[in-house]
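Step one of this worksheet: look at the structure below.
First the proteins, then the strands, lettered A, B, ... as listed; each starts at 1.
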Number of protein chains: 2
Amino acid sequence: MTTGERRPRDGRATRDLILTAAARRFAQRSYEATGLRDIACDVGVDVALVHRAYGSKEKLFVEALAHAVRPASAVEMFSTESGADLARRAFEDDPERETVVDPLALMVHSIASPGALPLIRRIVASEFIGPLAERLEAPGAAKATLIAACLFGIRIFRDVLEVEAMNDDARPDLEPLIADVFSTILFGRPDRSRSSDPTNECPAA
Amino acid sequence: MTTGERRPRDGRATRDLILTAAARRFAQRSYEATGLRDIACDVGVDVALVHRAYGSKEKLFVEALAHAVRPASAVEMFSTESGADLARRAFEDDPERETVVDPLALMVHSIASPGALPLIRRIVASEFIGPLAERLEAPGAAKATLIAACLFGIRIFRDVLEVEAMNDDARPDLEPLIADVFSTILFGRPDRSRSSDPTNECPAA
DNA sequence: GATACAAGTCAACGACGGTTGACCAGGAAC
DNA sequence: GTTCCTGGTCAACCGTCGTTGACTTGTATC
C-alpha cells in the first residue's frame, strides 16, 4: 500500500504500528502463512522497513506474541473466584482491553510454529496458571491448570472453530453448565446460586 | 530420498503411503510449514507423484485430515458415560487405534489453514458432539459440546503445549478433578465414586 | 548552513515451494 | 510383438518469500 508519498518520520510510532499489524496478522493466520509484505502493506510501509525494524521475521513474531498476550494478563481475568464469573468470561472479552488482537487466536495459530511453543508454554504458565494457582487451596496448581485448559478449549471452540453449538443462541444452556464446571473445580461442587434440577441438589445443611 | 532405482509399481499402496505420510507431517507442523517434498521424501518418491496422486496440495491435505480423524471417531471414545472414564480418556490414547497420527494435533495444527476450518468444524460436529449429544438428556447438545471443548483444551495443554503442570506427575491430582468436571456436566454433580471431602458430599438418599 | 544520523524507499538476490509437461518403464490386452 | 494405460521419474517454470545493500530524505545538532 505504498502510495508514493513518503510517510512522516516517526520511528517509534512506526515500530508500534508494525508490531500491532504483525500481531493481528499472526493471529488471523499462522506464522508461516503471513508474509512480511502483508504486514508492510497494512502499515503502509516498505517490506525492508518491517524487516529491519525487528531484525528478522522470527524476532518480530516473538515480540508480537509476547506483546499481544501479556497485556491480556490473566491476573485480572482470574481476579474472580466465582464459577459463574468464570463462565461469563468464557463468553465475553475483557472489557478494559484494547481488543485489536485476540491473544487466544494468536496463541492457537502460533502453536504450529517451531520457535513459538516454548514461548507460549511460558506465557501460559506465568500469566494464566501461576497467578490463579497462588490463590487457590491445594491442589492449587492442578485446579488452575484445569481451569485454564477448559477455558482454552471453550474459547477455541467458540471463537476459532466457531462451533455452531456454542454460539450465542446456546448461551442460556451452556453458561450454567460452564459455571458448574468451574465451581466444581474451585469448590468441589456445582454452582449453588442456581437450581437446574432440584432433585440433584444437596440439601442446604 | 529418491535412490535411483525405481520403486515397485503399486499405485494403490503408494497412494496410501502418501496419505499417511502427509497426515503425519501435517500433524507435526502446519499446512503451510510442510512441503510436498517432505512428504515425498518420507515415502521415497518424487515430488511430482505426490502432487499428481491427489491433484493438489490442498486436496491432499483435506483427504489426509478427513482420513486421520474419522477412524478415531469419538463414537468409541464417548461410548462411556462415566466421568471417571472420560477423565481417563484425557490422559490415555485409544488403545485400539493405530496411533500413527495424533488426530488432535492434526486438528490443532490445521486450524490456521484457510480451507481446513470448515472441515474441522464439520468433523467436530459429526464425530464428536453429535454421537455424544444423542445419548445425553437435555440439554444434550450443550453438554456434549462442553465435554468436547474441555477434553480438547486438556489434550492441547497436555500433548501439544506440553504444559508442565499437566504431565504424568500431576495425574493423581488432576484426574479426580477432571472426573468431577465431566461428572458434573453429565449428571449435575461431582463423581460419586470417590470422596475427597466428605462434608461436601450429598447424602445417598 | 554544514553535518550526521535515523527513517524510509527501491531494486534485486537467492532459495524454496507448488505445479507442469515431457519422458520412461512395466504389464496387460489384443 | 504391438498397443495402450498406469505408475513413476526428471527437469524445469514461475511465483513468493525473507533478506540485503545502496540510495534518498527528513530532522536535529553544532
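- Identified under the ring-ring contact (aromatic ring centres under 6.0 Å, His included) test for residues 107-126 of chain B, with sequence neighbours left out: none.
- Rounded to an integer number of Å, the gap from CZ of B:F61 to P of C:dG18 is 13 Å.
- Scanning for side chain to side chain contact (heavy atoms under 4.5 Å, CB included) contacts around B:E162 gives A:R121, with sequence neighbours left out.
- When the P atom of C:dT19 is taken as reference, atom CG of B:L60 falls 10 Å away, rounded to whole Å.
- Listed for the B:D16 side chain is no donor-acceptor partner under 3.5 Å among the backbone atoms of B:A13.
- The distance from atom CZ of A:R15 to atom P of C:dG8 is 11 Å, rounded to the nearest whole Å.
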Are there any protein N/O atoms within less than 3.5 Å of an N/O atom in nucleotides 19-21 of chain D, and if so, which ones and at what distance?
from, atom 1, to, atom 2, distance (Å)
D:dT19, OP2, A:H51, NE2, 3.1
D:dT19, OP2, A:K57, N, 3.0
D:dT19, O5', A:H51, NE2, 3.1

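- Every pair tested for side chain to side chain donor-acceptor pair (under 3.5 Å) that includes a residue from residues 48-63 of chain B fails, sequence neighbours excluded, so the list is empty.
- Nucleotide C:dA25 holds its C1' atom 14 Å from the CG atom of B:L49, rounded to whole Å.
- Shown here are the salt bridge (Lys or Arg N to Asp or Glu O under 4.0 Å) partners of A:D169, two or more places apart in sequence or in another chain: there are none.
- A:R12 has its CZ atom 18 Å from the C1' atom of C:dG8, to the nearest Å.
- Nucleotide C:dC16 holds its C1' atom 11 Å from the CG atom of B:D38, rounded to whole Å.
- Between the CZ atom of B:R29 and the P atom of C:dG17 there is a distance of 11 Å, rounded to whole Å.
- Atom OH in A:Y31 sits about 8 Å away from atom P in D:dG18, given to the nearest Å.
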Give the table of side-chain donor-acceptor pairs shorter than 3.5 Å for residues 34-41 of chain B, with sequence neighbours excluded, one pair per line with atom names and distance.
from, atom 1, to, atom 2, distance (Å)
B:T34, OG1, B:S30, O, 3.4
B:T34, OG1, B:Y31, O, 3.4
B:D38, OD2, B:G35, N, 3.0

